[in-house]
Amino acid sequence: MSAQGPLGILSERLEQRRSQALERHLLTLGPATGPRVTHQGREYLLLASNDYLGLSQHPELARAASQAALEHGCGSGASRLVSGTLAGHSALEERIAAFKGTPAALFFATGYMANLGVISGLAGRGDYIVSDELNHASIVDACRLSRATVKVYAHGDVAQAESLLAQAPAGALRLLVTDGVFSMDGDLASLPQLLEAARRQQALLVVDDAHATGVWGASGRGSLEHFGLGHDPQVVMVGTFSKALGGLGGFAAGAPEVIATLVNQARSLLYTTAPPPAQVAAAARALELVDEEPWRRTRVHELADNLRQGLRGLGLSVLSEAGPIIPLLVGQAERALHMSQALWEKGLLVPAMRPPTVPEGLSRLRLTVTAAHTEQDIEQALAALSALAHTAQEAGI
Ligand SMILES: *Cc1c(COP(=O)(O)O)cnc(C)c1O
């Protein structure tokens, strides 16, 4: 059966992906990212990045990172638990806790690793996790890694989530896990209702605020602040510095019992080298910039609302009601890929999101806006999408 050998098997599988319009390629842009990027000498308007506040190109972050590298070196030399915890890590964790209004916090190398560490560090065999069907892939992977019993509820269905929690065996630790803002749909979780369900069912509520930190809430604290909720000891916040905060690194914030458990059991913290000083310094500075430059948050919401309204005006099917993630529902993967390629020809980088990133039949174009965009950029995007919508209409697709 495998007479063709291992590489032959891989080629065949890749060919199958290609025939279903599901193959992926890496696209090299450069030299830096921003609202406009270059590829092979041509400029493109970027509507794909999660750099919501435009901080990735902020000179203050670059300065903080380079200064830390010059003063403290490039590597931290060991895992956090051995000798890798430097003064910068502890200071950053205090800042994260203050920012999120929690008693304690823990910094991870990436948001992906934070989710792996939090979920599989808190829950193990015999424990019980209830998870939204549209949760991020890192949550899905973390649930599998934990070896706990995992139950998945229909997107946003709080009643189903609660009835699943009620079925947990006695003595099991219960986790209710949700994205604060869903990465592919751009919608917010019903956190007040989820929190009530978690309280009634004696569960910890884990909220992945990767897309909300810096963007949502009057002062950018995230989805809880958006709903007027303060810290609750039963909530564990997860977040990342890689999106609105312009750098790299994940975090967990919550009760001291939660953080101490993670220090003992989060394998993605224990068995990897501590993040380097430059990364830590940029992260700390980004938290300050959220407060120092609140106009960025106002701006990204304004620009996003303009784009969303414009797209609706073109009769396009926009999935989100607010915020910088603006998904356009297309349906079939092949059609989404086609549209993405047509936009690329027009000088726009708008990615086609296809299975397994989104459910079968719900492929989409995912547009994102940042505070670094201009009104002209939004107009350019609308003009290109308007032309595309007309062509599609004339072709009857
Ligand atoms: C991007 C993302 C992550 C991973 O964060 P990184 O810092 O990029 O590893 C986790 N959760 C959600 C919801 C995300 O969108």
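Whatever order the structure lists ligands and atoms in, that order sets their numbers, starting from 1.
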Do NZ/NE/NH1/NH2 and the carboxylate oxygens of Arg285 and Glu288 come within less than 4.0 Å? yes
Taking N or O atoms only and a 3.5 Å limit, does Thr240 qualify as a polar contact for ligand 1? yes
Per-atom filter on ligand 1: closer than 4.0 angstrom to a heavy atom of Ser138 are 10 (C), 11 (N)
The atoms of ligand 1 lying under 4.0 Å from a heavy atom of Ser183, numbered in the order shown, are 15 (O)
Which protein heavy atom lies closest to atom 8 (O) of ligand 1, and at what distance to 0.1 Å? Ser242 OG, 3.1 Å
Interfacing atoms of ligand 1 (cut-off 4.0 Å, heavy-atom, Asn115): 10 (C), 11 (N)
Pair Arg18 + Glu23: basic N to acidic O under 4.0 Å: yes
So if I count the atoms of ligand 1 from 1 in the order they appear, which ones are less than 4.0 Å from some heavy atom of Ala210? 2 (C), 11 (N), 12 (C), 13 (C), 14 (C), 15 (O)
For Asp179, the atoms of ligand 1 under 4.0 Å from one of its heavy atoms are 13 (C)
N/O of Asp208 under 3.5 Å from N/O of ligand 1, yes or no? yes
With backbone taken as N, CA, C and O and side chain as the heavy atoms from C-beta onward, which portion of Met113 lies under 4.0 Å from ligand 1: side chain, backbone, both, or neither? neither
Checking Asp185 against His155: is there a side-chain donor and acceptor pair closer than 3.5 Å? no
Closest approach of Asp132 and Val152, non-hydrogen atoms and distance? C-CG1, 4.2 Å
Heavy atoms only: give me the nearest Ala372-Pro35 pair and the separation to one decimal. O-CG, 3.5 Å
Checking a contact table here: which protein heavy atom is nearest atom 5 (O) of ligand 1, and how many Å away? Gly111 CA, 3.4 Å
I'd like to know if the side chain of Thr357 pairs up with that of Arg24 as donor and acceptor (distance under 3.5 Å, no hydrogens or angles considered). yes
Is the shortest distance from a Lys or Arg side-chain nitrogen in Glu321 or Arg312 to a carboxylate oxygen in the other one below 4.0 Å? yes
Would you call Asp291-Arg297 a salt bridge at under 4.0 Å N-O? no
For atom 14 (C) of ligand 1, grab the closest protein heavy atom and report residue, atom and distance to one decimal in Å. Lys243 NZ, 2.7 Å
Aromatic plane relationship, Phe251 with Phe241 - under 30° parallel, 30 to 60° tilted, over 60° perpendicular: perpendicular
Between the candidates Phe241, Phe251, Phe182, Tyr112, which shows the shortest non-hydrogen contact distance to atom 9 (O) of ligand 1? Tyr112
Using heavy atoms and a 4.0 Å limit, tell me yes or no: is Gly250 in contact with ligand 1? no
